[in-house]
Amino acid sequence: MNIESKWLEDFLMLAEVRNFSMAADKRNVTQPAFSRRIKALEQTVGAELVDRSKTPIALTPSGRLFRITARTLINQMMDGIGQLSDLSKLGGNNVRVAAAHSLATSLVPSIQSELMTGKHKPILSVEAIDVDDAIEELQEGGCDLLLAFDDELLRLPPYQSLQIGQAELLPVCACDGSGKPLFRITNHKEVPWLAYSPSSYMGRQVEAIRNQVNLQPVFLSSMTDLLKTLVLQGLGVAWLPDYAIRQELENGRVAIVGDASLRLPITYYAYRYQARLHPAGEQVWQALRLHAEKQV
């Protein structure tokens, strides 16, 4: 099977931007030539990779699977070239990380300093997106590593997982000038609720205890940092991960409300495919492993 590396790069670019004209422009070729190369790739692998009937174009099931293969092949070439010449024209020290919003802002800074001392000096390219979208990024080969919460599917082959830590979703609200909570959670009076989007991971966790409390939704978002900001403004109660509000709890700006049954345990992981990453990616994985060991 004679597959040219430029075809793989063409396909990965098309999978990213989902538009033939834009992908061709980024690859510095004409659109007709670009389309011929994608067609040649499809003929070589014996499968249709792109659904051209949709706008923007979409990957077929075969295309989503091949995207993973293409990224693996490119990574392997980068690894080999880097070992021979200590160079990688494809930027082999760049590690693409998809992360849940709250993990991106809390976990990534904690490992950044450890990456500066390693051999390959990885450059993290972090995209903070909704948890479910982040999972799709990994499944479709759109990132090297995923930082997200517990997902049973991703803890099975062909994925590899690493438990990074455990946390709690805590029901909290702002405090008044004397340090007392602005709200109380009771069954007798509605409490303004700064809620996660029902379809989000955090939203699904809180929904499990929804019938135990008398809450009136006043705002919806999938972003922990945004809900935290509104909590600090005194606009309601929200369930926030403990790692996102440690300082605010210590200085008395927020307080935990409700009884212990309303505290929700969550576990977060790093995920990847079992296929070997390029050296910089492997270094980041080892840094995450060391971070996890320190939490035990």
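- If you chain together hydrophobic residues whose side chains sit under 4.5 Å apart, F34 and M22 never meet in one group.
- Two residues are said to be in side-chain contact when any heavy atoms from C-beta on lie closer than 4.5 Å; I266 and E168 fail this criterion.
- If you take CD on E42 and NZ on K39, they are separated by 5.0 Å, rounding to the nearest 0.5 Å.
- Of all heavy-atom pairs between S261 and Q212, the closest is OG-OE1, 3.7 Å.
- Checked for salt-bridge contact, R36 and E4 miss the test: no charged N lies under 4.0 Å from a carboxylate O.
- Counting heavy atoms of neighbouring residues, nucleotides and ligands inside a 6.0 Å radius, atom CZ of R184 does not exceed 12 of them.
- With a 6.0 Å radius and a threshold of 12 heavy atoms from other residues, nucleotides or ligands, M13 has its CE atom above the threshold.
- Within 6.0 Å of CD in Q247 there are 12 or fewer heavy atoms belonging to other residues, nucleotides or ligands.
- A salt bridge is defined here as a Lys NZ or Arg NE, NH1 or NH2 lying under 4.0 Å from an Asp or Glu carboxylate O, and K228 with E248 meets this definition.
- Side-chain contact between D259 and L262 is present, with at least one heavy-atom pair separated by less than 4.5 Å.
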Worked check of side chain to side chain contact (heavy atoms under 4.5 Å, CB included) between L103 and I164
CA-CA 10 Å; L103 292 178; I164 301 300; over 6 Å; no
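- S197 places no side-chain N or O within 3.5 Å of a backbone atom of S199 that could act as its donor or acceptor partner.
- From L226, atom CG reaches atom CG of L220 across 11.0 Å, with rounding to the nearest 0.5 Å.
- Between F149 and Y271, the distance separating the two ring centers is not shorter than 6.0 angstrom.
- Rounded to the nearest 0.5 angstrom, L153 CG and S161 OG are separated by 11.0 Å.
- By the 4.5 Å heavy-atom criterion applied to side chains, R67 and F11 are counted as neighbours.
- The minimum heavy-atom distance between D144 and N94, with the atom names listed, is OD2-O, 4.1 Å.
- Under the 4.5 Å side-chain heavy-atom criterion for Ile, Leu, Val, Met, Phe, Trp and Tyr, I74 and I123 are members of distinct hydrophobic clusters.
- Scanning both residues, L277 and R272, for their nearest heavy atoms gives N-NH2, 3.6 Å.
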Chi angles and distances behind the salt bridge (Lys or Arg N to Asp or Glu O under 4.0 Å) call for R37, D10
CA-CA 8 Å; R37 281 160 38 168; D10 290 343; 2.6 Å; yes
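- With no hydrogens or angles considered, a side-chain donor-acceptor pair links S21 and Q31 at under 3.5 Å.
- Closest approach of A275 to T72, counting heavy atoms only: CB-CG2, 3.8 Å.
- Looking only at side-chain heavy atoms (C-beta outward), N214 and V191 stay at 4.5 Å or farther from each other.
- In this structure, OG in S125 is found 11.5 Å from CG in L145, a value given to the nearest 0.5 Å.
- Results of the side-chain hydrogen bond (donor to acceptor under 3.5 Å, both in side chains) test with D150 over Q166, Q163, R155 single out R155 as the only residue that passes.
- Connection of V17 to F66 is not established within any shared hydrophobic cluster, with ILVMFWY side chains joined at heavy-atom distances below 4.5 Å, either directly or through further cluster members.
- A donor and an acceptor atom, one from each side chain of Y268 and S102, are nowhere located under 3.5 Å apart.
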Please determine whether side chain to side chain contact (heavy atoms under 4.5 Å, CB included) holds for the pair V206 and I209, giving the CA-CA distance in whole Å, both sets of side-chain angles, and the decisive distance to 0.1 Å.
CA-CA 6 Å; V206 178; I209 50 88; 4.2 Å; yes
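- Contact record, S200 with S222: CB-CB, 4.2 Å, taken as the closest heavy-atom pair.
- Counting all heavy atoms, side chain and backbone alike, P181 lies closest to V257 at CB-CG1, 3.8 Å.
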Any chance you could lay out the side chain to side chain contact (heavy atoms under 4.5 Å, CB included) test for E16 and K26, step after step, and finish with the verdict?
CA-CA 11 Å; E16 180 178 339; K26 288 182 175 292; over 6 Å; no
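- Hydrophobic cluster membership differs between L65 and I38, with clusters built from Ile, Leu, Val, Met, Phe, Trp and Tyr side chains linked at under 4.5 angstrom.
- Considering only heavy atoms from C-beta on, R263 comes within 4.5 Å of I256 through its side chain.
- Counting heavy atoms from C-beta on, the side chains of L154 and L138 come closer than 4.5 Å.
- The line from OG1 of T69 to CG of L8 is 9.5 Å long, rounded to the nearest 0.5 Å.
- Checking T224 against Y196 by side-chain atom types alone, a donor-acceptor pair falls below 3.5 Å.
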Under the criterion side chain to side chain contact (heavy atoms under 4.5 Å, CB included), I'd like the reasoning laid out for D151 against Y201: C-alpha separation, chi angles, the key distance, then a yes or no.
CA-CA 10 Å; D151 187 285; Y201 173 86; over 6 Å; no
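- Between L235 and F219, every side-chain heavy-atom pair lies at or beyond the 4.5 Å cut-off.
- For the atom pair L264 CG and R204 CZ, the distance stands at 13.5 Å (nearest 0.5 Å).
- Residue L249 is grouped with residue L230 when hydrophobic side chains (ILVMFWY) are merged at heavy-atom distances under 4.5 angstrom, including chains of intermediate members.
- With contacts defined as side-chain heavy-atom distances shorter than 4.5 Å, the pair L169/M202 qualifies.
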